[in-house]
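Letters A, B, ... mirror the listed sequences (proteins, then strands); counts begin at 1. We use all heavy atoms of the structure for the numbers below, so side chains are in, but hydrogens, waters and symmetry mates are not.
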2 protein chains.
Amino acid sequence: MSHKVTIADIARELNLTGATVSRALNNRKGTSEDTRKLVQAAAERMNYHRDRIAYSLRAGRTNIIGVIIPSAEINFFGSVIHGIENMANNHGYNVLIYQSNELPEFEQKGISTFLGSRVDGILASVAKETTNFRHYLEIKERGLPLVFFDRANDSLNIPSVVVDDYKGAYYATEHLIHQGYQRIAHIAGQQHLKIFRDRLEGYKAALSANNMSIEDDLIYNGNVSIEAGRQAIRHFLELSNPPDAVFAVEDFSALGAIKELKDRQIIIPADFGVVGFANEAFGEHITPSLSSIDQQTVQMGKEAFKLLLELIEEGKGAVKYNTKSKIILEPVPVFRQSSQRRG
Amino acid sequence: MSHKVTIADIARELNLTGATVSRALNNRKGTSEDTRKLVQAAAERMNYHRDRIAYSLRAGRTNIIGVIIPSAEINFFGSVIHGIENMANNHGYNVLIYQSNELPEFEQKGISTFLGSRVDGILASVAKETTNFRHYLEIKERGLPLVFFDRANDSLNIPSVVVDDYKGAYYATEHLIHQGYQRIAHIAGQQHLKIFRDRLEGYKAALSANNMSIEDDLIYNGNVSIEAGRQAIRHFLELSNPPDAVFAVEDFSALGAIKELKDRQIIIPADFGVVGFANEAFGEHITPSLSSIDQQTVQMGKEAFKLLLELIEEGKGAVKYNTKSKIILEPVPVFRQSSQRRG
DNA sequence: CTGAAAGCGCTAACAG
DNA sequence: CTGTTAGCGCTTTCAG
């Protein structure tokens with residue numbers, strides 16, 4: 001059980017004082033080369049690890065950042081965490097995780113424990129159900145660095161890293177047009193979420209830019225689920241003038257669309273084109289493979305950490321929140337079988 | 001910026017002393033009802049949050065556990081983390097994450113920072129490349145609670161939570177037999193990993209129990225990848241007496257097998273049955289949908305935390321590591337189209 | 001019931 | 001170059 005070894009232990013061992021040992025360990029100037037070596041050897045030998053709790057209390061910083069995500073079970077967030085943690089690790093930071101499970105109460109609780117834990121900064125992706133952002137503003141008021149990723153709220157003037165949803169949707173729709181589809185529909189997501197609104201806008205813009213009309217009948221308001229995708233197709237096919245392609249707001253509704261089309265013996269992509277959004281893992285493996293828009297998840301995590309780190313270092317207690325610090329990642333189209341009927 | 005409010009601030013405000021405030025806040029006995037109310041109201045009003053760093057230094061515990069995973073990008077681990085974090089949260093613990101990226105050096109580094117961070121316990125899933133377990137033993141020697149999940153090492157006498165790989169493989173193989181397949185092959189994984197060895201054993205046992213012979217030609221030694229699955233099928237179909245079904249060590253090799261069989265116009269499941277292992281998300285959506293064995297990931301995370309918590313609470317500095325504490329979860333068969341040709 | 005004092009382990013300021 | 005002292009914010013003796 002060998003009592004945890006502290007600086008005092010090393011000092012006693014070497015007939016020195018704690019201060020000297022501390023200086024030697026941290027290579028502070030004002031220590032002779034000799035004692036420095038002596039101390040470091042002893043530390044090694046005695047298997048000393050600096051106590052970060054004590055250090056943090058003293059230094060006023062923990063080298064820990066807190067990350068709030070809706071759920072670690074969602075692929076997307078696992079991937080972002082991967083980017084965040086690796087980058088953080090490179091810079092000497094550790095990552096504390098908290099899941100909101102999409103509920104604002106949990107978000108609030110997570111923020112509260114993060115504040116108590118004295119994390120040096122917070123990265124967050126907002127829960128779907130969150131409409132009141134008071135708890136996020138509290139972070140800001142405390143002068144603690146905060147960066148949103150993916151699910152941001154622009155009106156709060158908080159830095160963020162997001163993918164360009166508008167552009168991604170534009171690419172997807174334009175691609176369908178280039179593939180010769182004549183009537184392109186859209187399966188939309190919940191419109192109270194900005195990311196889904198942006199995708200709808202991108203879809204519309206691409207149509208307009210190509211002199212195609214925007215028709216309400218061709219925009220199905222669902223949610224992000226396989227079932228919504230099936231329902232959308234049922235709705236579309238009942239129209240007197242049905243579409244021949246669809247851009248779905250994300251991959252699961254695209255998947256539902258594909259399933260429904262296959263059930264109805266409609267050939268993809270020859271008779272009907274489908275593009276999703278998110279580039280989920282399954283897309284590559286289904287038949288036909290799903291065209292989609294990659295969101296640069298790992299990159300997003302890395303950028304988010306880097307931005308947070310800048311704020312931490314620049315800030316030192318007084319962070320300047322300016323809207324300038326908004327990083328918009330370029331979405332990457334991944335076009336596969338479900339939409340390619342040319343070439 | 002309002003200087004962070006501390007116990008001293010509240011004490012000053014109320015003309016009390018820090019000790020009293022502390023007692024009142026924590027509902028310690030030996031405080032009058034009146035002052036208690038007074039203090040708690042003031043704390044609320046002044047927006048006081050207890051500083052966990054200072055508390056931890058004093059108390060010798062952080063209420064933080066460290067979790068080492070190979071990569072957050074792997075679905076499986078995201079899902080386990082989900083279970084761990086939710087359960088930890090319920091019990092007042094926070095979760096620090098560290099990715100080994102499958103490298104023992106990183107594992108070592110993670111453990112080192114966890115020790116420095118004075119986490120109350122560690123959960124770990126061993127990196128593929130790890131062969132020397134010295135760093136894990138160090139945790140044990142320090143008396144810090146440690147629990148392995150999924151990728152464990154039984155010879156170290158460290159508690160663990162795993163799924164019963166042997167049984168899962170047995171179920172999978174037996175199922176194929178019950179479906180009337182005559183010659184059942186196996187795509188094996190790297191045999192230096194226990195989980196893969198166990199699956200091979202389960203496969204063999206099921207064959208033997210059903211009076212079917214075990215043939216070396218029907219066991220393909222690959223790794224866990226789509227390409228390995230394809231290669232295995234190529235190998236099997238070249239045999240003079242080829243198999244008519246395969247149990248793959250995990251879903252990606254099963255996927256490769258399915259792709260190769262489809263390319264060769266072999267009908268699944270009528271002419272060839274396929275079962276995988278892991279129940280990855282894509283399995284449900286491919287055509288034909290993939291039969292697999294679910295590993296109870298979320299449950300695994302929950303059990304792992306619960307076991308760790310027991311060790312933490314029982315231990316209080318002197319943990320008893322006994323082999324008794326090994327939790328083996330029941331694998332859950334999920335049979336879909338790729339293997340069902342009856343009923 | 002409340003106050004004074006000490007200490008968790010570390011580092012920075014000030015002396016020597 | 002090294003030692004002494006103090007303090008980060010909290011809780012827990014021990015007195016009063």
Side-chain angles (χ1 to χ4, degrees), chain A residues 2-40 42-43 46-64 113 115-120 142 316-317, chain B residues 2-40 42-43 46-64 113 115-120 142 316-317:
Chain A
S2 57
H3 180 58
K4 196 172 173 324
V5 30
T6 79
I7 283 190
D9 296 328
I10 300 180
R12 204 173 309 116
E13 183 84 2
L14 301 178
N15 263 324
L16 285 172
T17 172
T20 310
V21 173
S22 170
R23 278 187 288 249
L25 285 173
N26 296 305
N27 289 314
R28 286 270 171 292
K29 59 182 173 186
T31 356
S32 77
E33 188 64 21
D34 286 356
T35 47
R36 193 177 302 184
K37 275 186 182 159
L38 214 62
V39 168
Q40 297 189 349
M46 299 171 72
N47 197 17
Y48 167 83
H49 293 263
R50 149 149 118 217
D51 187 319
R52 282 181 63 184
I53 300 296
Y55 171 81
S56 294
L57 183 58
R58 180 74 241 254
R61 65 205 311 278
T62 53
N63 274 32
I64 290 178
T113 85
L115 290 176
S117 296
R118 288 233 214 144
V119 297
D120 292 344
R142 288 216 181 195
K316 295 303 175 202
Chain B
S2 56
H3 181 57
K4 196 174 174 322
V5 30
T6 80
I7 283 191
D9 296 329
I10 300 180
R12 204 173 310 115
E13 183 84 2
L14 301 177
N15 263 323
L16 284 172
T17 173
T20 310
V21 173
S22 169
R23 278 187 287 249
L25 285 173
N26 296 305
N27 289 313
R28 286 271 172 292
K29 60 183 173 184
T31 354
S32 77
E33 189 64 22
D34 286 357
T35 47
R36 192 177 305 184
K37 275 185 182 159
L38 214 62
V39 168
Q40 297 189 348
M46 300 170 72
N47 197 17
Y48 167 82
H49 293 264
R50 185 234 232 108
D51 187 319
R52 282 181 62 184
I53 300 295
Y55 170 81
S56 294
L57 183 60
R58 180 74 240 252
R61 65 202 314 276
T62 53
N63 274 31
I64 290 178
T113 85
L115 290 176
S117 297
R118 287 231 215 146
V119 297
D120 291 344
R142 287 215 182 195
K316 295 304 176 201

Which heavy-atom pair separates [X] from [Y] by the least distance, and what is that distance?
{"X": "Thr31(B)", "Y": "Arg28(B)", "result": "OG1-O, 2.7 Å"}
{"X": "Thr17(A)", "Y": "Ala11(A)", "result": "C-CB, 3.8 Å"}
{"X": "His49(B)", "Y": "Lys4(B)", "result": "O-NZ, 4.1 Å"}
{"X": "Arg118(B)", "Y": "Leu57(B)", "result": "NH2-CD1, 4.0 Å"}
{"X": "Val5(A)", "Y": "Ile10(A)", "result": "CG2-CG1, 4.4 Å"}
{"X": "Asn63(A)", "Y": "Asp120(A)", "result": "N-OD2, 2.6 Å"}

Please report the C-alpha distance between Tyr48(A) and Leu25(A) in whole Å, then the side-chain angles of each, then the deciding distance to 0.1 Å, and finally whether the side-chain contact (heavy atoms from CB on, under 4.5 Å) criterion is met.
-> CA-CA 10 Å; Tyr48(A) 167 83; Leu25(A) 285 173; 3.6 Å; yes
In residues 32-40 of chain A, which residues come under 4.0 Å of DNA chain D by heavy atom?
-> Ser32(A), Thr35(A)
Bend angle of the helix from dC1(C)-dG16(D) to dG16(C)-dC1(D), end axes from five pairs each (to 10°) = 50°
[X] [atom1] to [N] [atom2], straight-line distance once rounded to whole Å:
{"X": "Asn15(B)", "N": "dG3(C)", "atom1": "CG", "atom2": "P", "value": "9 Å"}
{"X": "Tyr55(A)", "N": "dG9(D)", "atom1": "OH", "atom2": "P", "value": "15 Å"}
{"X": "Ile10(A)", "N": "dT11(C)", "atom1": "CD1", "atom2": "C1'", "value": "14 Å"}
{"X": "Ile53(A)", "N": "dG9(D)", "atom1": "CD1", "atom2": "P", "value": "15 Å"}
{"X": "Asn27(B)", "N": "dC10(D)", "atom1": "CG", "atom2": "P", "value": "16 Å"}
{"X": "Leu57(A)", "N": "dG9(D)", "atom1": "CG", "atom2": "C1'", "value": "6 Å"}
{"X": "Arg28(A)", "N": "dC10(C)", "atom1": "CZ", "atom2": "P", "value": "14 Å"}
{"X": "Arg58(A)", "N": "dC10(D)", "atom1": "CZ", "atom2": "P", "value": "16 Å"}

Show your reasoning for whether side-chain contact (heavy atoms from CB on, under 4.5 Å) applies to Leu16(B) and Arg23(B).
-> CA-CA 11 Å; Leu16(B) 284 172; Arg23(B) 278 187 287 249; over 6 Å; no
Polar side-chain atom of Thr6(A) near backbone of Ala8(A) as donor-acceptor pair, under 3.5 Å = yes
Donor-acceptor pair, side chain of Glu13(B) and main chain of Ala42(B), under 3.5 angstrom = no
Assert: residue with more 5' nearest nucleotide on DNA chain D, out of Arg50(B) and Thr17(A), is Thr17(A)
Would you list the protein and nucleotides 13-16 of chain C atom pairs, both N or O, that sit under 3.5 Å from each other?
unit_1  : atom_1 : unit_2   : atom_2 : d
dA13(C) : N6     : Arg23(A) : NH1    : 3.3

Arg52(B) pairs by side-chain contact (heavy atoms from CB on, under 4.5 Å) with which of Leu115(A), Ile53(A), Thr62(A), Thr113(A)?
-> Thr113(A)
Find the distance between CD (Gln40(B)) and OG1 (Thr35(B)) and round it off to the nearest 0.5 Å.
-> 9.5 Å
Phosphate-side-chain proximity, Thr20(B) and dT2(C), N/O vs OP1/OP2 below 4.0 Å | no
Taking for each residue the nucleotide of DNA chain C bearing the nearest heavy atom, is the 5' side occupied by Thr31(B) or by Ala54(B)?
-> Thr31(B)
Describe the nucleic acid contact of Arg118(A) in one word from base, sugar-phosphate, nothing, applying a heavy-atom distance below 4.0 Å.
-> sugar-phosphate
